[in-house]
Amino acid sequence: MKAIQISEPSVMKVIEMAEPQMGEGEVLLKMKYVGFCGSDLNTYRGGNPMVKMPVVPGHEVGAEIVKVGKNVPANLQAGMIVTVNPYTNCGKCASCRNGRVNACQHNETLGVQRWGAMCDYIALPWEKVIPAGNLPARTCALIEPMSVGFHAVSRAQVTDIDVVMVIGCGMVGMGAVVRSVLRGATVIAADIDDEKLALAKEMGATYTINTKTEDAHARLQELTGGFGPDVVIEAVGSVPTYQMAVNEVAFTGRVVCIGYAKSEVSFQTKYFVQKELDIRGSRNALPSDFRAVIHYLERGTCPVDRLISNEVKPEQAEQAMQQWAENPGKVFRILVDFR
């Protein structure tokens, strides 16, 4: 079968692999669309410390069930369009013991710690296969990244009386915007790209701030009556955005961190104490987050076409990745078409 492999930084190629063997309790999936995410871009650029090359990337999946193995529940049947939960959980670590399997200490995500879904077929345990209702496979490839943003909103315990600032309006940040809006919050979307900010507003954000061209602090003070946002969700992973989150959040506010900063971050730690902040990490997503995203997408109000920046065949994937690496701020999602 055909697969995309990153063999070393800036080297991506199409290879031939043996088709996977489906075991008991597993489901064989035919990939339809697989999305490239930020972790795949970091792998391609040589900046993902969790990856051991060579690797087949990809964990944002829209697929069709081809075959089911023994002891697979009857609700999973050949011909169904599905997405996948790409994370593993050991069942034994502290996170798993506490029911937060998304943060398993020994997690291995498809395309990161283990070979991923950028190939014709994969076989997975049935528990990791998520029926997508009537959604088309192309839309299913957006579910996983949006679910990460949905999960961050759950971690923040957002309610309808909150003002939520989302820093970073990529796919994950858009998920956080949407889920906050669905919970009735007032949402302030922040980014350095006006096109992304316009889309965030279309998806429900009340206000937007271009942190490159505007005075973010003054604007936030104006929008919040001098209090600052009750919740700040950091969905970029940079030194300035981490510092902005802590500096701008209201007293007794909540900061939720999704992005991985690539270098050490210095904070005014007095704000941790003076503001009595809740600072929380948010990793991956839970099955309930996937279900919530599917429920949202089934409404048909999401501008799916505008969230997909490019669709390519496997042979065009390297060129698309090169273009993304040259201008990372302009891309939402690149989908690889394996049909």
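Every heavy atom of this structure was used, including side-chain atoms; hydrogens, water molecules and symmetry mates were not. All residue numbers refer to positions in the sequence shown, counting from 1.
Between the side chain of Q77 and the backbone N or O of A74 there is at least one donor-acceptor pair closer than 3.5 Å. A distance-only check finds no donor-acceptor pair linking the side chain of T186 to the backbone of V163 [under 3.5 Å]. Side chain of W115 to backbone of P54: a donor-acceptor contact under 3.5 angstrom is found. Judged purely by atom type and a 3.5 angstrom limit, T83 uses its side chain to pair as donor or acceptor with the backbone of V61. Not one N or O on the side chain of E222 forms a donor-acceptor pair closer than 3.5 Å with the backbone of A218. Under a 3.5 Å cut-off, the side chain of T88 and the backbone N or O of E108 do form a donor-acceptor pair.
A continuous path of hydrophobic side-chain contacts links M31 to V55 [ILVMFWY only; heavy atoms under 4.5 Å]. Transitive grouping of hydrophobic side chains (ILVMFWY, heavy atoms separated by less than 4.5 Å) brings I308 and V148 into a common cluster. Hydrophobic clustering (side-chain heavy atoms under 4.5 Å, transitive across Ile, Leu, Val, Met, Phe, Trp, Tyr) keeps M244 apart from F227. By the criterion of side-chain heavy atoms lying less than 4.5 angstrom apart, applied directly or through intervening Ile, Leu, Val, Met, Phe, Trp or Tyr residues, M1 is grouped together with L124 in one hydrophobic cluster. V82 and V68 fall within a single hydrophobic cluster, where Ile, Leu, Val, Met, Phe, Trp and Tyr are joined by side-chain heavy atoms under 4.5 Å apart, directly or via other members.
In this structure, the side chain to side chain contact (heavy atoms under 4.5 Å, CB included) partners of T241, at least two apart in sequence or on a different chain, are I167, E234, V236, S238. Residues passing the side chain to side chain contact (heavy atoms under 4.5 Å, CB included) test with K201, sequence neighbours excluded: T208. The side chain to side chain contact (heavy atoms under 4.5 Å, CB included) test applied to V265 returns V239, Y242, Q243, A261, F267, not counting sequence neighbours. With sequence neighbours excluded, the residues that form a salt bridge (Lys or Arg N to Asp or Glu O under 4.0 Å) with E214 are R219. Every residue meeting the salt bridge (Lys or Arg N to Asp or Glu O under 4.0 Å) condition with D193, not counting sequence neighbours, appears here in chain and number order: K330. Scanning for side chain to side chain contact (heavy atoms under 4.5 Å, CB included) contacts around P9 gives M53, with sequence neighbours left out.
I4 places none of its side-chain heavy atoms less than 4.5 Å from the side chain of V56. Under the 4.5 Å side-chain criterion, counting only non-hydrogen atoms from C-beta, I6 is not in contact with V11. Here the side chains of L297 and V293 are in contact, with some heavy-atom distance below 4.5 Å. Contact annotation: the side chain of I233 never approaches that of M165 to less than 4.5 Å [non-hydrogen atoms, C-beta and beyond]. In this structure, V84 and L110 have side chains that are in contact, with non-hydrogen atoms separated by less than 4.5 Å. Side-chain contact between T43 and P57 is absent, with no heavy-atom pair separated by less than 4.5 Å. When side chains are defined from C-beta on, Q105 does not count as touching C90, because their heavy atoms never get closer than 4.5 Å. Inter-residue side-chain proximity for E127 and P287 is flagged as unmet; no heavy-atom pair is nearer than 4.5 Å.
Look at D289 and R291 and you find no salt bridge, because none of the NZ, NE, NH1 or NH2 atoms lies under 4.0 Å from a carboxylate O.
Contacts classified as salt bridge (charged side-chain N to carboxylate O under 4.0 Å, His left out) and involving residues 82-103 (residues at least two apart or in different chains) are not found. Residue pairs satisfying the salt bridge (charged side-chain N to carboxylate O under 4.0 Å, His left out) criterion with at least one member in residues 304-328, sequence neighbours excluded, are listed as follows: K2-E315, R138-D305, R138-E311, E202-R306, K313-D337. Counting only residues at least two apart or in different chains, ring-ring contact (aromatic ring centres under 6.0 Å, His included) contacts with residues 286-339 are absent. The stretch residues 39-60 participates, sequence neighbours left out, in these salt bridge (charged side-chain N to carboxylate O under 4.0 Å, His left out) pairs: E60-R333. Listed by first then second residue, pairs satisfying salt bridge (charged side-chain N to carboxylate O under 4.0 Å, His left out) with a partner in residues 248-273 read D162-R254, not counting sequence neighbours.
A side-chain donor from one of Q157 and R280 sits under 3.5 Å from a side-chain acceptor of the other. Remark: the R179 side chain and the S147 side chain contain no N/O donor-acceptor pair separated by less than 3.5 Å. For the residue pair N102 and H151, a side-chain donor N or O sits within less than 3.5 Å of a side-chain acceptor on the partner. Side-chain N/O atoms of N89 and N107 include no donor and acceptor closer than 3.5 Å.
Remark: T252 OG1 to L277 CG distance equals 8.0 Å, nearest 0.5 Å. The CD atom of Q268 sits 7.5 Å away from atom CG of N247, with the distance rounded to the nearest 0.5 Å. Rounding to the nearest 0.5 Å places CG of D278 at 10.0 Å from CZ of R155. A distance of 10.5 Å separates CG in L307 from NZ in K196, rounded to the nearest 0.5 Å. Between atom CG of residue L41 and atom CE of residue M321 there is a gap of 5.5 Å, rounded to the nearest 0.5 Å. To the nearest 0.5 Å, atom SG of residue C169 and atom CE of residue M203 are 10.0 Å apart.
Considering every non-hydrogen atom in both K275 and V249, the closest pair reads NZ-O, 2.7 Å. For V336 against A317, the heavy-atom pair with the smallest separation is CG2-CB, 4.5 Å. Nearest heavy-atom pair across E298 and A132 is OE2-O, 4.2 Å.
Heavy atoms of other residues, nucleotides or ligands lying less than 6.0 angstrom from CD of Q319 number 12 at most. Within 6.0 Å of CZ on F272 lie more than 12 heavy atoms contributed by other residues, nucleotides or ligands. Within a 6.0 Å radius of CD1 in I192, no more than 12 heavy atoms belonging to other residues, nucleotides or ligands are found. More than 12 heavy atoms of other residues, nucleotides or ligands sit less than 6.0 Å from atom CD of Q274. In N134, the CG atom is not crowded: 12 or fewer heavy atoms of neighbouring residues, nucleotides or ligands sit closer than 6.0 Å. In this structure, E276 places its CD atom where only 12 or fewer heavy-atom neighbours from other residues, nucleotides or ligands lie under 6.0 Å away.
Cluster partners of L286, using a side-chain heavy-atom cutoff of under 4.5 Å among ILVMFWY residues and allowing indirect links, are V101.
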Evaluate the side chain to side chain contact (heavy atoms under 4.5 Å, CB included) criterion for residues I294 and L135: first the C-alpha distance (whole Å), next the side-chain angles of each, then the deciding distance (0.1 Å), finally the verdict. CA-CA 8 Å; I294 292 169; L135 295 179; 4.1 Å; yes

Please report the C-alpha distance between V164 and D230 in whole Å, then the side-chain angles of each, then the deciding distance to 0.1 Å, and finally whether the side chain to side chain contact (heavy atoms under 4.5 Å, CB included) criterion is met. CA-CA 6 Å; V164 179; D230 304 288; over 6 Å; no

What's the verdict on side chain to side chain contact (heavy atoms under 4.5 Å, CB included) for Y44 and M12, showing C-alpha distance, side-chain angles and the deciding distance? CA-CA 8 Å; Y44 179 73; M12 179 185 290; 4.1 Å; yes

Report the C-alpha separation of M118 and F36 in whole Å, then their side-chain angles, then the decisive distance to 0.1 Å, and conclude whether the side chain to side chain contact (heavy atoms under 4.5 Å, CB included) test is met. CA-CA 9 Å; M118 286 279 178; F36 277 121; 3.5 Å; yes

